[in-house]
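All values derive from a computational prediction rather than experimental measurement.
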Amino acid sequence: MTDHSIETRDPDPAACAGSSAPDAVDAEQAPRRGRPRSVASHQAVLTTVARLLDVEQVGYDSLTIERIAAEAGVGKQTIYRWWSSKAAVVLEALLAGHMRMEFAPLPDTGDLRTDLHQWMDDTLELVFTEEAVGMARSIMQALVTPGAADEELLATTRFWEDTPLVERIAAERAAGRLREETVPEAMSAALTDPLLLRIVSTGRPGDSWAHSLVDTVLDSMLR
């Protein structure tokens, strides 16, 4: 996961004009339609979630709306007006690029097959824990819940493409070790999508299944 800094922005002057501090908070928490009026507060929530999960390594089960609100400097009810659940906040932070959903680090020994086998072994250990599976299933539920995800973000996100695995595959293609017509994003998806399906459905696969997946995908792309 990448490092994320928090951008501090001043509240909307129009929202605060002629109001005392308590009134300004009440105005922010007043019911609204459409996108939030305070872009700064909206972004503060997303960057706070990214910092807690990505930088401070707070566990998903320990992450609460109350803590997010307190550290973002907004009211708890403000968050619930913008997002239906904790998972929906995390989903938007991912889709908006504030954090990356990564598997295990990808080693680089110079042998792509060896590296992908090791990456797969490490990934199985990393993502098939009770907490990681619970987080993935909650995010998936938020993703398929009508209105929980921003449709514009879903259409434009680089969430699936901006990953170390895609970058490594692109480098291997550029070096001539993979077929010229290889699409890095598609090859990455061929490796990760079956894992995501197992995370949200039947659970951890066996090592032989995982290595066979690597070999099947890689063999079709080698020169």
message: side-chain contact (heavy atoms from CB on, under 4.5 Å), that's the test. Do Val49 and Trp83 meet it? Break it down for me.
response: CA-CA 13 Å; Val49 168; Trp83 294 280; over 6 Å; no

query: Between Arg168 and Trp119, is NZ or CZ placed under 6.0 angstrom from the six-membered ring centre and within 45° of the ring axis?
result: no

task: List the atom of Ala189, the atom of Pro194, and the distance in Å for their closest heavy-atom pair.
output: O-CD, 3.7 Å

field: Non-hydrogen atoms of Ser41 and Val74 that approach each other most closely
entry: CB-CG1, 3.8 Å

message: Restricting to non-hydrogen atoms, name the atom on Ala104 and the atom on Thr123 that form the minimum distance, rounded to 0.1 Å.
response: N-OG1, 3.3 Å

- request: Check Val166 against Pro184 and note the closest heavy-atom contact, atom names and distance.
  value: O-CB, 3.7 Å

- request: Please examine the side chains of Asp215 and His117, heavy atoms only from C-beta on, and report whether any two atoms are closer than 4.5 Å.
  value: yes

- prompt: For the hydrophobic clusters of this structure (ILVMFWY residues joined by side-chain heavy atoms under 4.5 Å, transitively), does one cluster hold both Met140 and Leu95?
  reply: yes

- prompt: Measuring from Met221:CE to Leu218:CG, what's the distance to the nearest 0.5 Å?
  reply: 9.5 Å

- request: Give the intermediate values and the outcome of side-chain contact (heavy atoms from CB on, under 4.5 Å) for residues Leu178 and Met187.
  value: CA-CA 11 Å; Leu178 294 176; Met187 183 174 173; 4.1 Å; yes

- line: Distance col, row Arg177:CZ vs Glu172:CD, nearest 0.5 angstrom, shows 4.0 Å

statement: Distance col, row Glu185:CD vs Ile169:CD1, nearest 0.5 angstrom, shows 8.5 Å

query: Is it true that Val200 and Leu213 fall in one hydrophobic cluster, defined by side-chain heavy atoms closer than 4.5 Å?
result: yes

message: Hydrophobic clustering (ILVMFWY, side-chain heavy atoms < 4.5 Å, transitive) - are Val127 and Leu197 grouped together?
response: no

- prompt: Is it true that Val183 and Val214 fall in one hydrophobic cluster, defined by side-chain heavy atoms closer than 4.5 Å?
  reply: no

message: I'd like to know if Arg204 pairs up with Glu125 as an ion pair, taking the criterion as any Lys NZ or Arg NE/NH1/NH2 lying under 4.0 Å from an Asp or Glu carboxylate oxygen.
response: yes

task: Following the transitive rule for hydrophobic clusters with a side-chain heavy-atom cut-off under 4.5 Å over Ile, Leu, Val, Met, Phe, Trp and Tyr, establish whether Leu124 and Phe103 coincide in one cluster.
output: yes

- prompt: Are any of the side-chain nitrogens in Glu56 or Arg67 under 4.0 Å away from the carboxylate oxygens of its partner?
  reply: yes

task: Assess whether atom CD of Glu181 is packed by more than 12 heavy atoms of other residues, nucleotides or ligands within 6.0 Å.
output: yes

query: Distance-only, no hydrogens or angles: does the Glu131 side chain make a donor-acceptor pair with backbone N or O of Tyr60 under 3.5 Å?
result: yes

- prompt: Do any N or O atoms from the side chain of Thr48 and from the backbone of Ala44 form a donor-acceptor pair under 3.5 angstrom?
  reply: yes

task: Looking only at non-hydrogen atoms, find the nearest pair between Ser85 and Ile65 and report the distance.
output: C-CD1, 4.5 Å

field: Lys/Arg-Asp/Glu bridge criterion (N-O < 4.0 Å) met for Asp219, Arg113
entry: yes

message: Taking Arg173 first and then Glu180, would you say they form a salt bridge - that is, a charged N and a carboxylate O separated by under 4.0 Å?
response: no

task: Determine, stepwise, if the pair His211 / Asp121 fulfils side-chain contact (heavy atoms from CB on, under 4.5 Å).
output: CA-CA 8 Å; His211 284 197; Asp121 291 341; 2.7 Å; yes

- line: The reported gap from CG in Leu53 to CD in Gln57 (rounded to nearest 0.5 angstrom) is 8.5 Å

task: Can you see which heavy atom on Ala69 is nearest to which on Gly75, and at what distance?
output: CB-C, 4.0 Å

field: pair Lys86-Leu63: side-chain heavy atoms closer than 4.5 Å
entry: yes

field: Spatial distance of atom OG (Ser212) from atom CG (Asp207) [nearest 0.5 Å]
entry: 12.0 Å

message: Determine whether a donor-acceptor pair (N or O, by modelled atom type, separation under 3.5 Å) exists between the side chain of Arg198 and the backbone of Gly203.
response: yes

field: Separation of Arg137 CZ from Leu196 CG (nearest 0.5 Å)
entry: 12.0 Å

Audit row: Leu116, Leu112, side-chain contact (heavy atoms from CB on, under 4.5 Å) steps and yes/no: CA-CA 6 Å; Leu116 287 175; Leu112 182 58; 3.8 Å; yes

task: State, yes or no, whether a side-chain contact exists between Glu92 and Trp82 at a heavy-atom distance under 4.5 Å.
output: no

